[in-house]
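Everything below concerns the one structure shown next.
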Amino acid sequence: MTIELPAPLQTGLTFFHPLLMWVLFGLSIYALYLGVKLKRTRQATGEEKKELIKGKYNIKHYQIGSVMLALMVFGTVVGMAATYVNNGKLFFGPHLLVGLGMTTMVAISASLVPFMQQGVAWARVTHVAMNMTLLTLFGWQAFTGLQIVQKILSSAS
């Protein structure tokens, strides 16, 4: 069963997911930058620490992470919805499975924040490891996603 949407809406829905994911990839890199600054702030002493605290990296990192969690879940659902609307089915393959895994990892990573705020070391190590894995997977997803977009554009012409 396919759902018929007006052509402009269907086209917009088709390309919204890839654009959103590229934005999230960029936000992930920015979150990494903020996380590094936050770690430097925690490890600094004296005047250097006072200067770094002014950057409010902890607040910015937390806010970017919250936005990323929301957009990742939303973007995953939109991507699956667009595929279903356009094809009447989901394509069970690496891009879908890795995307679902990444969305799960983002949620788990965010759920570790209360433990990190209490100073639990394993939570911080797990958070960092998961997010570095996510960033690597994002790069791979960007590549496979571009291949999917190319197939869509080829079939449209």
Side-chain angles (χ1 to χ4, degrees), residues 12-87 89-152:
L13 184 60
T14 299
F15 295 106
F16 179 77
H17 171 76
L19 291 173
L20 178 60
M21 291 300 117
W22 275 98
V23 168
L24 274 169
F25 188 32
L27 280 176
S28 297
I29 294 167
Y30 181 58
L32 171 63
Y33 165 79
L34 293 172
V36 169
K37 287 291 204 176
L38 182 54
K39 181 178 181 177
R40 289 177 76 196
T41 302
R42 272 195 320 276
Q43 294 175 337
T45 57
E47 249 349 275
E48 181 187 15
K49 186 166 189 147
K50 286 180 186 177
E51 271 307 304
L52 287 168
I53 287 173
K54 291 178 187 176
K56 298 184 181 182
Y57 300 114
N58 58 339
I59 294 168
K60 292 174 185 175
H61 185 73
Y62 182 82
Q63 289 171 338
I64 290 294
S66 297
V67 168
M68 286 185 61
L69 171 61
L71 290 178
M72 186 74 171
V73 171
F74 180 71
T76 300
V77 172
V78 167
M80 291 168 54
T83 301
Y84 188 82
V85 165
N86 290 333
N87 304 287
K89 65 179 180 175
L90 293 177
F91 295 103
F92 187 78
H95 190 82
L96 173 66
L97 294 175
V98 170
L100 289 171
M102 288 172 62
T103 302
T104 303
M105 290 175 72
V106 167
I108 293 169
S109 181
S111 75
L112 295 172
V113 170
F115 297 104
M116 293 186 315
Q117 289 171 335
Q118 295 172 357
V120 178
W122 67 262
R124 180 166 281 115
V125 169
T126 304
H127 177 84
V128 170
M130 289 184 90
N131 289 335
M132 294 307 291
T133 303
L134 274 165
L135 195 54
T136 302
L137 291 173
F138 245 128
W140 183 81
Q141 284 289 84
F143 177 72
T144 60
L146 282 177
Q147 291 174 331
I148 293 167
V149 168
Q150 288 173 341
K151 284 181 187 177
I152 291 169

Query raised in the report: Closest approach of Met105 and Met130, non-hydrogen atoms and distance?
Result: CE-O, 3.5 Å
Report task. Decide yes or no on side chain to side chain contact (heavy atoms under 4.5 Å, CB included) for Leu100 and Met80, but give the supporting numbers first. Result -> CA-CA 10 Å; Leu100 289 171; Met80 291 168 54; 3.8 Å; yes
Requested in this report: Let me know which of Arg40, Gln43, Arg42, Glu47 forms a side-chain contact (heavy atoms from CB on, under 4.5 Å) with Leu52.
Outcome: Arg40
Report task. Side-chain contact test, heavy atoms from C-beta onward, threshold under 4.5 Å: evaluate it for His17 versus Met21 and give yes or no. Result -> yes
Query raised in the report: About how many Å separate CD1 of Ile64 and CG of Leu71, when rounded to the nearest 0.5 Å?
Result: 9.5 Å
Query raised in the report: Is there a donor-acceptor pair closer than 3.5 Å between any side-chain N or O of Thr126 and the backbone N or O of Trp122?
Result: yes
Query raised in the report: Ignoring hydrogens and geometry, is there a side-chain-to-backbone donor-acceptor pair from Ser111 to Ile108 under 3.5 Å?
Result: yes
Requested in this report: Mind listing the closest non-hydrogen atom pair of Ala123 and Phe115 along with its distance?
Outcome: CB-CB, 3.6 Å
**Report entry** Closest approach of His95 to Trp140 (non-hydrogen atoms, all atoms of both residues)
**Finding:** N-CH2, 4.3 Å
Query raised in the report: Nearest 0.5 Å, what's the CG-OG1 distance between Leu69 and Thr103?
Result: 9.5 Å
Query - Reported CD-to-CG distance for the pair Gln63 and Asn58, which is rounded to 0.5 angstrom - result: 9.5 Å
Query raised in the report: Sub-3.5 Å donor-acceptor pair from the side chain of His61 to the main-chain atoms of Ala31, do we have one?
Result: yes
**Report entry** Straight-line distance of Gln141 CD to Leu146 CG, nearest 0.5 Å
**Finding:** 11.0 Å
Query - Pairwise distance CG(Asn131) to CG(Leu112) - rounded to 0.5 angstrom - result: 9.0 Å
Query - Phe15 vs Val149, side chain to side chain contact (heavy atoms under 4.5 Å, CB included): CA-CA, chis, key distance, verdict - result: CA-CA 8 Å; Phe15 295 106; Val149 168; 3.9 Å; yes
Query - Lys49, NZ atom: more than 12 neighbouring heavy atoms under 6.0 Å - result: yes
Query raised in the report: If you take all heavy atoms of His127 and Ser109, which pair is closest and at what distance?
Result: ND1-OG, 2.9 Å
Query raised in the report: Quick one: are Thr144 and Gln147 in side-chain contact, heavy atoms under 4.5 Å?
Result: yes
Requested in this report: Indicate the ring-plane relationship of Tyr30 and Tyr33, choosing parallel, tilted or perpendicular according to the 30° and 60° boundaries.
Outcome: parallel
Report task. Indicate the atoms forming the closest heavy-atom contact of Met72 with Phe138, along with that distance. Result -> SD-CZ, 3.9 Å
**Report entry** Interatomic spacing from OH in Tyr62 to CD in Gln117 - rounded to 0.5 Å
**Finding:** 6.0 Å
Report task. Would you check if Met132 and Thr136 make a side-chain contact, meaning some heavy-atom pair closer than 4.5 Å? Result -> no
Query - Student check: side-chain heavy atoms of Thr41 and Ile53 closer than 4.5 Å - result: yes
Requested in this report: Search all heavy atoms of Leu134 against all heavy atoms of Val106 and return the closest pair with its distance.
Outcome: CD1-CG2, 3.6 Å
